Amino acid sequence: WVTSLEVYLMSVNTINKSMTVADAVKVNPELMDVLAKDGIDFCCGGGHPLAEAIEAKGKDVDEYIAMLNTVQRAQKSSRAEVFSYSKEQLIDYIVHNYHREQLDMIDEIDQGLEKLLNVHYDHHGAELTEIYQTFLQLKSALVPHFRHEEHVDFPEFKAGKPVDFDELRAEHEAAGVLLESLSALTNHYTAPADGCATYVYVFKIMKALEEGLHEHIFLENSVLFEMP
């Protein structure tokens with residue numbers, strides 16, 4: 001027997017074509033990894049219809065959604081737990097688990113790219129220059145953005161004051177464009193064949209920063225900013 005309650009639970013926990021990308025991730029946070037692998041934007045593009053996002057990647061919508069519904073949910077998922085946080089808890093989580101870590105990563109990447117420019121300039125100077133310049137644009141956008149959120153936007157939101165979420169989303173979108181540029185410039189963070197261990201390591205950190213920012217921005221755009 002399948003009770004009406006079980007039917008209801010199955011329906012609310014099943015991904016379908018009427019959902020947005022963010023809706024699907026909220027059903028199963030483990031989809032973040034699958035969507036990222038296939039280049040489907042769940043952070044800045046979380047509000048887009050899921051079916052359109054799938055079609056844009058040239059995939060069959062019904063088959064892809066069926067595949068998403070087979071992705072196993074983690075038994076104990078910290079991602080899912082975060083969705084149940086209060087506004088205050090989520091803000092604190094974002095600051096301590098994303099802002100702090102990502103600012104450290106930004107500093108490490110900055111120092112690493114400067115070293116690579118010095119050591120590998122003769123053979124890779126042109127591409128490293130463009131990568132570094134693009135990275136510095138990202139850094140100059142994110143550092144003040146994080147600080148403004150911590151000192152102005154988040155305290156005001158906690159206090160029940162109005163916050164311009166459209167402006168914050170626009171800043172997230174601009175950061176997303178720079179991340180796409182960095183991914184393209186680095187061949188998806190693949191070091192050249194003659195790259196040293198530092199080259200490989202710096203690109204690895206850059207990839208981790210991108211992946212973390214995608215989750216970070218998703219939590220703000222599609223969870224925190226939707227809270228009353």
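Given the structure is predicted, the values throughout are model-derived calculations rather than measurements.
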How far does CG of L209 sit from CG of L142, to the nearest 0.5 angstrom? 7.0 Å
Quick check: do L136 and D110 have side-chain heavy atoms less than 4.5 Å from each other? yes
Can you find a pair of side-chain heavy atoms, one from L116 and one from I131, that are under 4.5 Å apart? no
How many angstroms lie between atom SG of C43 and atom CD of E173, to the nearest 0.5 angstrom? 8.0 Å
CD-CG distance between E130 and L182, expressed to the nearest 0.5 angstrom: 10.0 Å
With a sphere of 6.0 Å drawn around NZ of K158, does it hold more than 12 non-hydrogen atoms of other residues, nucleotides or ligands? yes
Decide yes or no on side-chain contact (heavy atoms from CB on, under 4.5 Å) for E220 and F154, but give the supporting numbers first. CA-CA 11 Å; E220 291 191 12; F154 288 169; 3.7 Å; yes
Going by atom types only, do H148 and E171 share a side-chain donor-acceptor pair under 3.5 Å? no
Would you say Y64 and E55 make side-chain contact, with heavy atoms under 4.5 Å? no
Would you say that K17 contacts D62 through its side chain, given a criterion of any heavy-atom pair below 4.5 Å between the two side chains? yes
Classify the angle between the aromatic ring planes of F203 and Y199 as parallel (below 30°), tilted (30 to 60°) or perpendicular (above 60°). perpendicular
I need the K59 NZ to I54 CD1 distance, nearest 0.5 Å. 9.5 Å
Do K57 and D38 touch side chain to side chain, with heavy atoms closer than 4.5 Å? no
For a side-chain contact (heavy atoms from CB on, under 4.5 Å) check, start with the C-alpha distance between N16 and M19, then their side-chain angles and the critical distance, and finish with the verdict. CA-CA 6 Å; N16 60 69; M19 289 180 166; 3.7 Å; yes
Which atom names give the shortest non-hydrogen contact between L219 and L90, and what distance separates them? O-CD2, 4.3 Å
Contact between L103 and R147 at the side-chain level, heavy atoms closer than 4.5 Å - yes or no? yes
Determine whether the side chains of H120 and D194 contain a donor N or O and an acceptor N or O closer than 3.5 Å. no
With a 3.5 Å cut-off and no angle check, do the side chains of H216 and H172 form a donor-acceptor pair? no
Measure up the F165 and F157 rings against each other and bin them: parallel (under 30°), tilted (30 to 60°), perpendicular (over 60°). perpendicular
I would like to know whether E226 and R169 meet salt bridge (Lys or Arg N to Asp or Glu O under 4.0 Å); could you show each step before the answer? CA-CA 12 Å; E226 300 295 327; R169 285 190 173 100; 3.0 Å; yes
State, with a plain yes or no, whether a side-chain heavy atom of L128 is found less than 4.5 Å away from one of Y121. no
Is K115 salt-bridged to E108, cutoff N-O under 4.0 Å? no
Can you tell me how far the CD atom of E167 sits from the CG atom of D153, to the nearest 0.5 Å? 7.5 Å
Answer with yes or no whether the hydrophobic clustering places F218 together with L50; edges join I, L, V, M, F, W, Y residues whose side-chain heavy atoms lie under 4.5 Å apart. yes
Quick one: does V27's side chain get under 4.5 Å of D23's, heavy atoms only? no
Which distance, rounded to the nearest 0.5 Å, do you find between the CG of N97 and the CD1 of I94? 9.5 Å
Take K207 and E211, measure what side-chain contact (heavy atoms from CB on, under 4.5 Å) needs, and give me the verdict at the end. CA-CA 6 Å; K207 182 178 181 181; E211 292 171 349; 3.3 Å; yes
One pair to check against side-chain contact (heavy atoms from CB on, under 4.5 Å): E30 and R79. What are the steps and the verdict? CA-CA 8 Å; E30 303 311 310; R79 286 168 166 171; 3.5 Å; yes
Between D41 and C44, the two heavy atoms sitting closest are OD1-N, 3.3 Å
Can you give me the closest heavy-atom contact between P155 and E149, atom names plus distance? CD-O, 3.5 Å
Nearest non-hydrogen partners of V61 and A51, listed with the distance: CG2-O, 3.7 Å
Under a 4.0 Å N-O cut-off, is there an ion pair linking E150 with R100? yes
If you compare all heavy atoms of K26 against all heavy atoms of F83, which two are closest, and at what distance to 0.1 Å? CA-CE1, 3.6 Å
Identify the heavy atoms of N69 and I15 that sit nearest to each other, and give their distance. OD1-N, 2.8 Å
Quick one: list whatever passes side chain to side chain contact (heavy atoms under 4.5 Å, CB included) with E210, sequence neighbours left out. L179, S183, Y189, H214
